[in-house]
Amino acid sequence: MDYDFSAIEKKWQAYWDAHETFKASDDFSNKNKLYVLDMFPYPSGAGLHVGHPEGYTATDIFCRYKRMNGFNVLHPMGWDAFGLPAEQYAIETGTHPSVTTAKNIATFKRQIKSLGFSYDWSREVNTTDPKYFRWTQWIFLQLYKKGLAYIAEVPVNWCPALGTVLANEEVIDGRSERGNHPVIRRPMKQWVLKITAYAERLLADLDELDWPEGIKEMQRNWIGRSEGAEVKFRIDGLDKTVTVFTTRPDTLFGATYMVLCPEHELVDVITTPAQKAAVEEYKKITASKSDLERTGLNNEKTGAFTGAYAIDPVNGNKIPIWISDYVLSTYGTGAIMAVPAHDTRDFDFAVKFGIPVKCIINPDPAEAAKEKIDCEAVLAGKACWTGDGVSINSANDDGLDINGLHVQEAKAKTIDWLAARGIGKRTVNYKLRDWLFSRQRYWGEPFPIIIMDSGEIRMVPEDQLPLTLPELSDFKPSGNGESPLANAGAWLDYVDPVTGEHGRRETNTMPQWAGSCWYYLRYIDPHNDKCFVDPEKEKYWMPVDLYVGGAEHAVLHLLYARFWHKVLYDAGLVSTKEPFHRLINQGMILGTSYKDKRGVLIPTDQVDLSGAEPVLKATGEKLTEFPAKMSKSLRNVVNPDDVVRDYGADSMRLYEMFMGPLKETKPWNTRGVEGVFRFLKRSWRMIMQTPVTDDPVPANLMRLLHTTIQKVTEDTETLCFNTAISQMMIFLNDFGKLEAMPREAAEIYTRLLAPYAPHIAEEMWEYLGHKDSIAYAPWPKADEAHMKVREVEILVQICGKPKARIMMSPELSPAEMEKVALADASVADAVAGKKIVKVIAVPGRIVNIVAK
RNA sequence: GCCCGGGUGGUGAAAUGGCAGACACAUCAGACUUAAAAUCUGAAGGCGAAAGCCGUGCGGGUUCGAGUCCCGCCCCGGGCACCA
């Protein structure tokens with residue numbers, strides 16, 4: 001019988017389903033537990049793309065391998081199903097998002113199942129299921145009760161054309177991701193989560209995590225901790241002070257002006273009548289600017305003088321107060337002291353507006369040379385120096401003298417001086433902002449909140465959750481900034497059963513990220529209707545041991561989920577500080593595309609591939625192959641269904657793992673699938689179409705057998721799947737030539753292959769006489785004794801040039817190796833008459849003779 | 001501008017400081033076949049008839065020995081971006 005992958009794969013998928021082979025029902029087993037998680041997908045209408053199975057295959061191999069090694073494995077899958085596409089589709093067609101979502105989930109599930117992943121489907125979750133989002137709402141109430149959720153008037157991305165607010169991630173270069181409509185900043189009342197309260201811990205606990213350094217670094221940058229000081233400046237002639245935040249208190253002596261953000265509350269108070277018109281005009285211009293215009297690449301400084309002056313607390317200097325949009329209202333205190341000599345932005349501004357530049361740091365000459373900065377120019381106020389150096393001209397008559405000190409010491413001394421006089425203190429600032437948590441959408445979790453006519457905010461009682469979405473026929477946003485839920489009629493109204501007071505339900509919904517903030521906890525206890533997760537089960541399974549997904553969630557989902565988890569931890573509801581112990585980002589899979597001479601990408605269907613070189617069908621122009629992100633417009637999207645149909649799930653899995661290291665970006669190449677398909681066909685022939693013998697494995701192959709066990713074990717353990725597969729190919733290249741296949745080798749090979757190509761392995765295992773699934777067959781152990789070799793070829797070099805190859809035992813000491821090497825005729829010949837300076841011998845590897 | 005990755009044959013890639021290119025894809029040659037497909041066997045980094053020489057983005061350095069370590073650049077991918 002030939003390798004009929006289609007029949008085999010159907011057979012074993014049905015078997016696994018019927019036998020619930022991968023059900024991790026034992027929540028308290030004394031086996032070692034292992035929780036392996038995939039980032040659950042948004043079930044889009046387009047179906048699975050080849051990027052999904054990459055991560056899923058990796059985790060599946062690891063889980064199957066660990067089960068064979070006796071671990072109790074939790075490996076679940078679910079659906080992150082709230083989201084804009086289903087809602088947009090509803091607006092266009094009137095189809096209820098729940099209908100679209102159910103259909104898409106069915107497609108995704110069929111596709112995922114067709115790849116033979118060993119998920120415990122009894123634990124499937126769906127964020128749009130009221131039984132699930134009941135607990136999303138419940139967790140929100142816990143946040144609210146702790147004061148971590150509040151309503152605030154905040155600037156949001158408002159898209160007039162779509163009639164809705166958009167998340168930052170839905171705005172690309174100042175336009176909406178969908179429809180490409182302009183987006184403006186506008187203040188609106190929104191729900192906000194106080195993630196900033198956890199900034200310090202979100203930062204500190206990163207150190208404990210086994211995550212890619214890049215992702216950790218991205219989170220650190222996003223949180224953006226900076227240490228500095230708040231310093232109070234008096235305003236000349238007014239009984240007012242302005243507090244500024246600075247990371248460089250050591251440069252206070254060099255402040256030559258101050259800048260407030262245009263929105264600063266003191267602007268109107270301090271502006272002099274003469275400057276009023278100019279300031280008003282500038283405020284108007286800033287307000288009308290989009291974020292892109294304000295913060296974009298065009299760093300040309302703008303601003304207006306308020307006419308007021310501040311008093312520098314260290315030297316009593318009167319410095320002019322300006323307003324400028326390079327100072328942000330949302331960071332620090334919205335006000336800065338400007339030290340143009342030692343801050344590039346301040347320098348640009350000062351140059352543009354003719355403000356003096358006062359150098360108070362003598363640059364470190366070595367550092368300045370490295371940065372190609374001219375120290376003389378800095379001292380003359382003609383250039384800006386932001387690096388280290390020693391303070392100059394920095395002393396006053398009131399006991400502060402930092403002259404001669406380096407930046408770090410000067411900072412500390414200045415802060416102490418300020419603190420002693422009550423005009424400054426050490427502070428820490430974060431770039432991280434509180435999380436804008438409401439959306440004007442239909443297809444999301446409704447807030448379990450009622451806003452009473454009196455303005456009082458009430459929670460929906462926990463025993464009345466879930467608060468389900470109202471049925472609507474029109475999903476269009478109201479257009480006035482309110483969610484489609486504002487059209488929900490009776491659903492909106494609330495009457496207090498006791499007092500008769502009237503209220504209205506919150507019409508916003510939660511963002512897509514809400515459901516994914518805690519789904520990994522629900523898998524542990526998915527059907528519990530008493531609490532979101534049983535604490536005992538949580539203790540057993542958490543934390544997630546391995547989490548695999550794309551890097552695009554580096555600072556979104558992965559930060560949000562850590563935040564929620566810490567809130568739950570503080571409430572005593574979960575037992576670990578962090579949810580995801582180890583994280584791996586799988587690399588993107590690129591598609592094949594073609595570029596013409598000018599570098600324009602050509603859609604695949606316009607390319608003629610029949611010749612030796614790809615050419616443009618229309619003109620015959622030669623094209624070059626170029627890997628690019630798969631996209632509909634380039635028509636280079638590979639559909640996993642096609643691959644499974646043509647080559648089978650096992651080939652699909654194997655190919656995606658054989659392409660290269662999991663973390664790397666790799667281009668898809670259908671020819672490569674044929675390569676692994678051939679490998680599987682040859683494996684089939686070796687096991688199924690070669691007589692099986694009970695004779696021992698030929699002595700000359702024992703070493704290969706055991707090094708293969710060792711290499712595949714090591715590489716599977718460390719997720720180096722590509723090299724594990726190579727090793728199996730090497731095994732096959734030799735064992736595949738045998739006239740009869742020794743049973744021992746056949747059984748070992750089948751088990752090594754099982755995590756990678758589970759369907760074919762099950763079929764082979766059954767053929768070899770086993771009644772039970774291979775899923776729990778014990779993983780083979782390599783025997784050191786069989787891996788030893790009596791002799792290896794040792795390269796003998798003379799001054800680094802290969803001279804001879806001599807067989808010797810790898811056990812020989814360096815001295816013995818040297819003796820053997822020098823005894824060799826060609827070596828002796830080569831060193832004759834020369835003086836041996838040094839001999840380096842590395843057992844099992846090399847002998848290098850340095851001779852003159 | 002700043003912060004992460006990364007640059008190795010025609011292609012995907014491999015290589016605890018120890019013979020660069022394992023394993024594959026594509027290519028070429030051969031076998032089987034009426035033929036093709038499939039399959040099998042073999043060749044193959046570049047230059048060279050060969051001996052040999054040159055080869056891991058570029059330039060230096062450390063070392064008996066560098067793809068691997070150090071210093072300085074260049075290029076590509078990703079993230080952040082007026083954060084005081």
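Throughout, a chain's letter reflects where its sequence line sits, starting with A, and its residues are numbered from 1.
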Of the listed B:U39, B:C64, B:C19, the closest approach to the A:Val850 side chain comes from B:C64

Would you mind reading off the distance between A:Leu590 atom CG and B:G78 atom C1', rounded to a whole angstrom? 12 Å

Could you check how far CE of A:Met659 sits from C1' of B:A13, rounded to whole Å? 11 Å

Between OH of A:Tyr655 and C1' of B:U11 the distance, given in whole Å, is 10 Å

In whole angstrom, give the distance that lies between atom CD of A:Glu300 and atom P of B:A81. 22 Å

Figure out the NZ/C1' separation between A:Lys663 and B:C4, and round it to whole Å. 14 Å

Between CD of A:Glu263 and C1' of B:C82 the distance, given in whole Å, is 14 Å

Can you check the A:Trp322 CH2 to B:C82 C1' distance for me, whole Å? 17 Å

I want to verify a distance call: between B:C80, B:C82, B:U39, whose nearest atom is closest to the A:Tyr326 side chain? B:C82

Shortest side-chain distance from A:Ile840, nucleotide among B:C64, B:A84, B:U39: B:C64

All side chain to side chain contact (heavy atoms under 4.5 Å, CB included) counterparts of A:Phe353, not counting sequence neighbours: A:Trp322, A:Phe349, A:Ile355

Contact state string [nucleotides 20-32 of chain B, B base, S sugar-phosphate only, - no protein heavy atom under 4.0 Å]: --BBSSS------

Looking only at atom P, what distance separates B:G48 and B:A38, rounded to whole Å? 34 Å

Under a 3.5 Å cut-off for both contacts, is B:G1 paired Watson-Crick or G-U wobble with anything, and if yes, with which nucleotide? B:C80

State whether the distance check finds a donor on one side and an acceptor on the other, under 3.5 Å, for side chain A:Lys301 versus base B:C82. yes

Taking the same atom, C1', in B:C40 and in B:G46, what whole-Å distance lies between them? 30 Å

Starting the side chain at C-beta, find the nucleotide from B:G18, B:G12, B:C80 nearest to A:Pro667. B:G12

For B:A22 and B:A15, measure between their P atoms and round to the nearest Å. 13 Å

Which nucleotide in the set B:C3, B:A13, B:C19 lies at the smallest distance from any side-chain heavy atom of A:Arg805? B:C19

Ring pair (Phe, Tyr, Trp, His ring centres under 6.0 Å) assessment of A:Phe735 paired with A:Tyr749: CA-CA 10 Å; A:Phe735 275 85; A:Tyr749 181 76; 8.3 Å; no

I'd like to know whether NZ of A:Lys803 has more than 12 heavy-atom contacts from other residues, nucleotides or ligands below 6.0 angstrom. no

N-O pairing of A:Glu714 and A:Lys711 below 4.0 Å: no

Rounded distance in Å - NZ (A:Lys801) to P (B:A51): 15 Å

Starting the side chain at C-beta, find the nucleotide from B:C3, B:A84, B:G18 nearest to A:Val842. B:G18

